> 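Here it is, the structure in full.
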Amino acid sequence: MNGQLRINRHFIFRIAAPTIIISGLLVALGVIAAWSVQSQHLRSSELIANEVHGIIAAQDLYIDMREIRHLLQQYGRNDDVKHLNEIRSLLQLAVQHIANADQHAHNDEERAQMEKVRTEWSKFTEHLTLFLNEVPQNGGASKESIDRLLQDITNVVEPSNAFLILNRNVVDTTNEANRRTAEQSRQGFLLLGITGGAAGLIAGLLIARGISQSIVQLDISVRGAAGLMSDVVGPVRISRSGGFRELEAGLQEVETHIATIVGRLQQRELEVLHSEQLAAVGQLAAGLAHELRNPLMPMKMLVQGAIERDDGQGLRGEQLLVVEEEISRLEHSIQDFLDFARPPTLEKRPLDVRLVVEQTVELISGRADRQRVQIFDDFPDTPVIVEADAAQLRQVMLNVLLNALDALPDGGRVDVTISNTRSPDWHGSSDTVRTKPWTIISIHDSGKGFASEMLERLFEPFFSTKETGTGLGMSICQRIIEAHGGVISASNSPQGGAIVSLSLPPAN
Ligand code: ADP
């Protein structure tokens with residue numbers, strides 16, 4: 001269930017990847033644009049607020065100076081001292097406004113104009129003080145002195161006006177920049193909107209095209225599968241291709257037919273198994289008949305000879321030995337058949353493989369001596385524990401060692417080694433089996449090795465190159481080793497001779 005969910009998420013992510021990337025880019029662009037518009041806006045607001053204060057200060061200054069000039073002109077016309085008093089009362093305010101305007105002079109040009117204002121203002125106030133001191137209470141100032149003062153105040157009015165214009169220009173420039181930024185933002189957002197929409201549309205169309213192509217391909221595969229099946233289960237009807245629904249219906253149809261085919265295959269498998277079993281029984285019966293007839297023949301001839309002689313002596317000593325030998329051959333064959341047909345149940349116990357191998361070597365040592373075959377062993381010093389049925393493992397060892405002796409009629413050597421190795425990757429499933437070392441028993445003889453056709457069919461029952469062999473030994477060995485969860489393998493050594501390896505899994 002989890003695995004399915006993971007696959008689905010992965011699948012969905014793969015399909016939606018282009019839109020996710022595009023949406024991510026658009027979100028990032030939107031955030032950057034909003035941030036830049038906001039910071040631009042803040043900067044302009046700050047600038048405009050500053051300039052507005054500057055304009056107010058410049059206007060105050062300009063109005064003061066013009067007012068003073070106007071009052072002076074009035075005084076010049078009617079000689080009324082009330083105008084001079086009004087000028088006096090304006091002076092303090094004008095000084096304040098000059099100081100205020102000074103604070104709002106932010107660039108070199110503005111500062112230069114304010115410098116002029118201050119210089120001309122101090123000249124004017126100096127002359128005005130002298131003038132006010134000289135002018136009698138009842139008026140009557142000379143026209144020249146009034147004209148001079150008018151000229152002084154005009155000298156202040158001019159830079160005040162220039163300062164005012166400069167401030168207005170700055171506000172105009174800032175406004176223009178603001179307007180341009182607003183226009184750019186509008187265009188930017190419009191572009192973002194159009195691009196985002198178009199990109200989303202294209203991504204959607206591409207995804208839809210991809211999915212539709214997949215549907216078409218799936219549809220073709222489903223139709224192909226349906227075509228293949230129709231040979232087995234008759235015509236398979238699949239509606240004309242269209243969308244997911246038709247595809248799903250088609251898949252369901254195919255699934256139903258697959259179930260039918262699988263059912264039939266299972267049935268066929270059972271039938272094949274049955275006929276194989278029958279063939280094996282027939283083969284077994286034929287083999288058994290052959291194996292039983294061979295030893296019976298000499299016995300029958302001996303008995304017939306005794307009957308024909310009719311000397312009342314029956315069979316003589318040597319003839320009895322032949323009969324005994326043939327009877328034990330019969331016994332051996334029957335035991336082999338029994339082992340093959342009805343394998344005994346496993347009784348596994350932890351055991352030291354070294355002991356089982358030593359005991360078996362001991363069993364065959366008499367025959368080995370007679371044949372002048374030397375047996376060498378190479379075992380680890382510490383116990384090699386495996387979980388196994390000792391009797392069956394001994395039977396395997398005995399069969400392999402007897403085969404080795406059969407392969408050495410004129411003497412030679414057999415090397416028996418026990419070693420440990422990492423588990424073969426393909427074998428076993430439990431952790432113990434995978435992580436602990438396996439035990440390998442290897443039997444290497446110095447005979448001619450396996451005949452090439454033999455290597456391929458070594459574990460097939462009834463396949464033997466020996467006159468008196470049943471061809472069952474190796475297949476019984478394979479069955480026993482596999483019942484232990486192990487592996488048996490055979491090969492020819494590059495140095496000559498046959499090697500049989502028994503790999504046993506570690507004890508749990
Ligand atoms: P059997 O010994 O009755 O023939 P097996 O199944 O034990 O049956 O052996 C099958 C065949 O494998 C033997 O007939 C022989 O040809 C071949 N074989 C087995 N072991 C060896 C060996 N050590 N060297 C050469 N050939 C061998």
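Computed from a predicted structure; not experimentally measured. Values below: every heavy atom of this structure, side chains too, minus hydrogens, waters and symmetry copies.
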> Quick check on E46: does its CD atom have over 12 non-hydrogen neighbours (other residues, nucleotides or ligands) under 6.0 Å away?
no
> Without hydrogens or angle criteria, can the side chains of Q151 and R148 be said to hold a donor-acceptor pair below 3.5 Å?
no
> Quick one: CD on Q113 to CG on N107, what's the gap to the nearest 0.5 Å?
10.0 Å
> Under 3.5 Å, is there a donor-acceptor pair linking the side chains of D64 and H97?
yes
> Nearest 0.5 Å, please: how far is CD1 in I63 from NE2 in H70?
13.5 Å
> Between E176 and R180, does any side-chain N to carboxylate O distance fall below 4.0 Å?
yes
> Judged by modelled atom types alone, do Q74 and R77 share a side-chain donor-acceptor pair under 3.5 Å?
yes
> Within the 3.5 Å criterion, strictly below it, is a donor on Q395 or N399 matched to an acceptor on the partner's side chain?
no
> Applying side chain to side chain donor-acceptor pair (under 3.5 Å), name anything that partners H104, two or more places apart in sequence or on another chain.
none
> I'd like to know if the side chain of N492 and the backbone of F450 have a donor-acceptor N/O pair within less than 3.5 Å.
yes
> May I ask you to decide whether R168 forms a salt bridge with D172, counting only side-chain N to carboxylate O separations under 4.0 Å?
no
> Would you call E115 and R118 a salt bridge, using N to O less than 4.0 angstrom?
yes
> Which one of V262, I261, T260 satisfies the side chain to side chain contact (heavy atoms under 4.5 Å, CB included) criterion with R264?
T260
> With sequence neighbours left out, which residue pairs that include part of residues 185-206 fulfil the side-chain hydrogen bond (donor to acceptor under 3.5 Å, both in side chains) condition?
E183-R186, E183-Q187
